[in-house]
Number of protein chains: 2
Amino acid sequence: MNRGFFDLDQDTMAIPSFSRIKCSDCPIRHRAVCARCDTDELETLEGMKSYRSYAAGEVILWRGEPLNFVASLVAGVASLSKTMEDGRTQMVGLLLPSDFIGRPGRKLIEFDVTATTDVTLCCFDRKPFEKLVDETPHVAQRLMELALDELDAARDWMLLLGRKSAREKIATFIDMLVRRSQGTEPLANTVIRLPMTRDQIANYLGLTLETVSRQFSALKKEGVVDFTDRRQFEIKDIVALQDATGDDSDGGVLS
Amino acid sequence: MNRGFFDLDQDTMAIPSFSRIKCSDCPIRHRAVCARCDTDELETLEGMKSYRSYAAGEVILWRGEPLNFVASLVAGVASLSKTMEDGRTQMVGLLLPSDFIGRPGRKLIEFDVTATTDVTLCCFDRKPFEKLVDETPHVAQRLMELALDELDAARDWMLLLGRKSAREKIATFIDMLVRRSQGTEPLANTVIRLPMTRDQIANYLGLTLETVSRQFSALKKEGVVDFTDRRQFEIKDIVALQDATGDDSDGGVLS
DNA sequence: GGCCCACTTTGATCTGAATCAACTTTGGAT
DNA sequence: ATCCAAAGTTGATTCAGATCAAAGTGGGCC
């Protein structure tokens with residue numbers, strides 16, 4: 001069964017069952033840090049790994065905390081965020097299944113990691129994992145690719161934060177959810193679940209929750225999207241949505 | 001002679017001389033991608049490298065252009081930027097000496113790379129460099145570290161773009177210049193050269209050039225900084241400056 | 001030396017999003 | 001079923017920074 005990235009949080013029941021999952025049956029097998037491991041290496045990982053679960057809202061790691069384990073996100077959504085002394089906060093990363101937590105050679109993390117929905121991690125103790133990285137070039141390579149993907153995402157996000165209007169930010173956010181869910185869903189259905197509250201979306205986009213709410217309302221009134229529920233909506237006019245993102249209309253196609 | 005990062009642009013004469021520099025005498029020897037290479041490996045690099053220079057304002061690479069070479073920035077300052085259809089632009093990276101251009105496994109770049117000041121690159125053709133990376137674990141490791149450093153910088157920047165006020169942005173920017181120059185300057189002198197125009201600073205910080213100018217004027221009037229020239233100023237009150245950044249007062253020190 | 005153009009500063013006005021403030025909806029606990 | 005807290009909506013007002021406009025300033029070039 002082919003679940004959307006954002007669906008698992010609804011059904012916490014499924015999570016404990018991961019403790020019995022074999023690497024070869026793992027849903028993120030082909031995208032995570034272990035993507036290019038062969039059968040032998042998978043065997044080694046099998047012996048090293050352990051699963052941990054966190055309920056929506058729980059903090060997985062605090063900023064500055066020593067990082068004793070690294071992990072792949074198996075199910076759910078987690079966020080990386082920075083908070084200023086006076087409480088202003090900004091999300092600086094959104095982790096989806098197959099994303100990696102922790103970095104080789106760094107003992108501390110520079111941001112809080114929080115479970116946005118219920119989350120399951122596949123954890124490895126730091127030391128043995130680092131040994132593995134040193135000895136297994138394709139794990140190191142995959143880690144590099146994941147880091148570069150994050151860097152690209154961070155840069156698109158910087159453009160959004162620095163230059164886009166509230167409307168463009170919201171449209172870009174929805175468009176991202178559409179693209180992400182099409183990776184798993186078989187394209188057809190345009191019903192999208194929001195993995196976060198209005199407040200979390202605001203922290204993601206550098207807005208306030210009131211502005212987020214108003215922009216959603218505006219897009220609804222214009223018939224671009226239709227909310228079936230406050231956490232679930234349907235895309236009515238994908239062209240209008242993409243126009244509203246402010247991004248290039250041709251997705252990088254050479255002209 | 002120990003030059004500041006931002007000084008070389010003044011004195012273009014020095015740049016062509018890099019073509020004769022040996023890796024072992026290279027100013028970025030210990031920080032660049034080659035940082036951990038041994039004498040033999042340096043020998044190999046010596047044979048592969050070539051220098052290129054760009055005048056301030058020249059575009060080094062256009063977005064979407066095939067990336068036939070990778071490079072280390074030897075001298076000067078370059079910027080990575082994204083531009084929207086209507087002309088709004090946002091810098092998404094600032095490259096200083098020892099920073100790396102190009103990524104293993106990616107043929108295209110997602111942003112423009114522009115020489116902010118006069119710039120000298122140490123270039124390697126793509127193919128042989130990738131072969132070297134595959135065969136030399138510590139080059140791959142160093143590349144990973146550089147990518148992770150960029151990612152950390154991008155995340156701090158996201159907090160700045162999403163949540164900081166114009167005043168905080170400017171103070172953070174100046175504070176960054178101070179920290180960077182202290183890496184090379186022997187700490188004492190507090191005269192800082194701006195490597196960019198007001199317009200470029202605005203694109204860096206997600207502001208307009210008028211707002212940048214006004215905030216500089218305000219900090220001058222308050223006696224926090226003193227401009228000797230429009231490209232050069234002196235820090236008069238570092239404590240007030242750091243207060244104005246909005247960042248934690250204790251630089252991550254455990255309390 | 002003087003002219004020109006790119007850069008910068010400063011002022012006046014406008015506006016999008018923040019802030020402040022009710023009020024409504026929803027879903028879970030009892 | 002009812003209550004309650006958390007989440008969301010909507011409206012009124014304010015304000016930081018954008019935009020529009022007009023002068024300064026200085027470095028490079030003939």
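Per chain, numbering begins at 1; letters A, B, ... match sequence-line order. Scope of the values below: all heavy atoms of this structure, side chains included, with no hydrogens, waters or symmetry mates. In this text the structure is predicted, and so the values were computed from the model without any measurement.
- Judged purely by distance below 3.5 Å, without hydrogens or angles, the side chains of A/Asp112 and A/Ser81 never pair a donor atom with an acceptor atom.
- Rounded to whole Å, atom P of C/dT10 lies 13 Å from atom CZ of B/Phe216.
- Note on B/Asp156 versus A/Lys82: salt bridge recorded, some NZ/NE/NH1/NH2 to OD/OE distance being below 4.0 Å.
- As rounded to whole Å, 14 Å separates atom P of C/dT26 from atom CZ of A/Arg231.
- In this structure, the side chains of A/Leu80 and A/Met91 stay at 4.5 Å or more apart for every pair of heavy atoms.
- Smallest separation of non-hydrogen atoms from B/Glu58 and B/Thr114: O-CG2, 3.4 Å.
- For the pair A/Ser72 and A/Phe100, the tightest heavy-atom approach, listed with the atom from each and the gap, is OG-CD1, 4.0 Å.
- Residue B/Leu194 contributes atom CG, which lies 9 Å from atom P of C/dT8 at whole-angstrom precision.
- What separates CG of A/Asn203 from P of D/dA7 is a distance of 13 Å, to the nearest Å.
- When all heavy atoms of A/Gly246 and B/Met84 are compared, the pair lying nearest together is O-CE, 3.5 Å.
- Atom CZ in A/Phe227 sits roughly 17 Å away from atom P in D/dA7 (whole-Å rounding).
- Across its full length, the helix from C/dG1-D/dC30 to C/dT30-D/dA1 shows an angle of 40° between the axes of its 5 terminal pairs at either end, rounded to 10 degrees.
- Contact check, B/Ser213 against C/dT10: no side-chain N or O comes under 4.0 Å of OP1 or OP2.
- Considering OG1 of A/Thr120 and OH of A/Tyr51, their distance stands at 9.0 Å, rounded to 0.5 Å.
- For B/Leu219 and C/dT9, the CG to C1' distance is 15 Å, given to the nearest whole Å.
- Of the candidate nucleotides D/dT10, C/dT8, D/dG8, D/dG8 has the atom lying nearest to any side-chain atom of A/Thr197.
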Sugar-phosphate means primed atoms, P, OP1 and OP2; the rest is base. With that split, encode nucleotides 15-30 of chain D 5' to 3' as B, S or - using protein heavy atoms under 4.0 Å. --SSBB----BS----
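- Here the nucleotide nearest the side chain of A/Arg198, chosen from D/dT10, C/dT10, D/dG8, is D/dG8.
- Considering only residues two or more places apart in sequence or on other chains, A/Asp247 meets the salt bridge (Lys or Arg N to Asp or Glu O under 4.0 Å) condition with A/Lys164.
- Figure legend: cation-pi geometry between A/Arg52 and A/Phe69, with NZ or CZ positioned under 6.0 Å from the six-membered ring centre and within 45° of its axis.
- Summarising the geometry, the separation between CD on A/Gln200 and C1' on D/dA6 is reported as 12 Å, rounded to the nearest angstrom.
- Look at CG on A/Leu209: it is 14 Å from C1' on C/dA22, rounded to the nearest Å.
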